[in-house]
Amino acid sequence: MDLFPHGPLRLVEDAEGGIRYWPDAVPAAGAQAWFDALRAHAGWELQRRPMYDRQVEVPRLLAAYRLDAPWPEALPLGEILERVQARVAAPYNAVGLNLYRDGRDSVAMHHDKLHTLVPGQPIALVSLGAPRRMNIRAKAGGRAQAVELAPGSVLAMSHASQLTHEHGIPKTARAVGERVSVVFRVRPARDLARGRHGPYWRASTAMEGR
Ligand SMILES: O=C(O)CCC(=O)C(=O)O
Ligand SMILES: [Fe+2]
């Protein structure tokens, strides 16, 4: 039996699976329960980063956990990981959480830092809460593709795609509810051993603020 008769939407093609999107990987009720639990119990932090001569707030809240060590019991990371493994199997060992509080929260166009990722392994992103648009653009130029990331969806990005494409969540003037994204990655063991599993140590050059 084919459990995914429509297959994923293929947004970018490359030799490592490119960028693929499954709009309804998780039933709505489950996605809402996960949103509620992560919203309530993740260790959300507001970070500041230097931009020119001032400190700006990173325009979203962040949390991160290792998957090779116990995480707080209230967080349904094991269940979410199981769903992700069914679509995009990989030895994920780190998860980063983003909380977009409203339309002023965003992430600037970027590619995920390659030296913090194991080559050949994918990045898998689960969306929960309010839908938000993601833009994906080839570094070589051309128009961005927009994908409305629905709650319960999974987006897989190959390691190779981080070399060729950028992605971001633009701000929106629309009244939008809170969104949580759950991003599974495979980090090099040396980074995990140094506690470098989250976004905290990433040197960001992105110009972003609220
Ligand atoms: O929230 C999202 O969907 C994207 C997050 C992202 O690009 C990141 O954490 O690197
Ligand atoms: Fe990213």
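Order of appearance sets the numbers: ligands from 1, and atoms from 1 within every ligand. Every heavy atom of this structure was used, including side-chain atoms; hydrogens, water molecules and symmetry mates were not.
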| field | Salt-bridge criterion met for K171 and D105 (N-O under 4.0 Å) | value | no

| Element-labelled atoms of ligand 1 that are located less than 4.0 Å from some non-hydrogen atom of R185 | 8 (C), 9 (O), 10 (O)

| field | Side-chain touch L163/L114, heavy atoms, less than 4.5 angstrom | value | yes

| said: With heavy-atom distances below 4.0 Å as the criterion, list the atoms of ligand 1 near N98. | reply: 1 (O), 5 (C), 9 (O)

| field | Pairs involving residues 66-75, ordered by first then second residue, that meet salt bridge (Lys or Arg N to Asp or Glu O under 4.0 Å) (sequence neighbours left out) | value | R66-D68

| message | Counting only heavy atoms closer than 4.0 Å, does ligand 1 sit against the backbone of R60, its side chain, both, or neither? | response | neither

| request: Specify side chain, backbone, both or neither for H167, according to which of its non-hydrogen atoms lie closer than 4.0 Å to ligand 1. | output: side chain

| remark: Any heavy atom of D112 under 4.0 Å from ligand 1? The part involved is side chain

| Non-neighbouring partners of R137 that pass salt bridge (Lys or Arg N to Asp or Glu O under 4.0 Å), sequence neighbours left out | E166

| said: Only heavy atoms of L125, strictly under 4.0 Å: list the atoms of ligand 1 that pass. | reply: 2 (C), 3 (O), 4 (C)

| request: Give the atoms of ligand 1, by number and element, whose distance to some non-hydrogen atom of Y100 is under 4.0 Å. | output: 1 (O), 2 (C), 4 (C), 5 (C)

| field | Residue from R49, R104, R48 passing salt bridge (Lys or Arg N to Asp or Glu O under 4.0 Å) with E208 | value | R49

| In D112, which N, O or S atom comes closest to the Fe ion (ligand 2)? | OD1

| With the Fe ion (ligand 2) at the apex, how many degrees lie between NE2 of H167 and NE2 of H110, rounded to 10 degrees? | 90°

| Between the side chains of R187 and T116, is a donor N or O closer than 3.5 angstrom to an acceptor N or O? | yes

| request: Side-chain contact test, heavy atoms from C-beta onward, threshold under 4.5 Å: evaluate it for R20 versus V12 and give yes or no. | output: no

| Atoms of ligand 1 less than 4.0 Å from M134 heavy atoms? | 3 (O), 4 (C)

| field | ligand 1 atoms in contact with R179 (distance to a heavy atom under 4.0 Å) | value | 1 (O), 2 (C), 3 (O)

| With the threshold set at 4.0 Å, does a side-chain nitrogen-carboxylate oxygen contact exist between D102 and R210? | yes

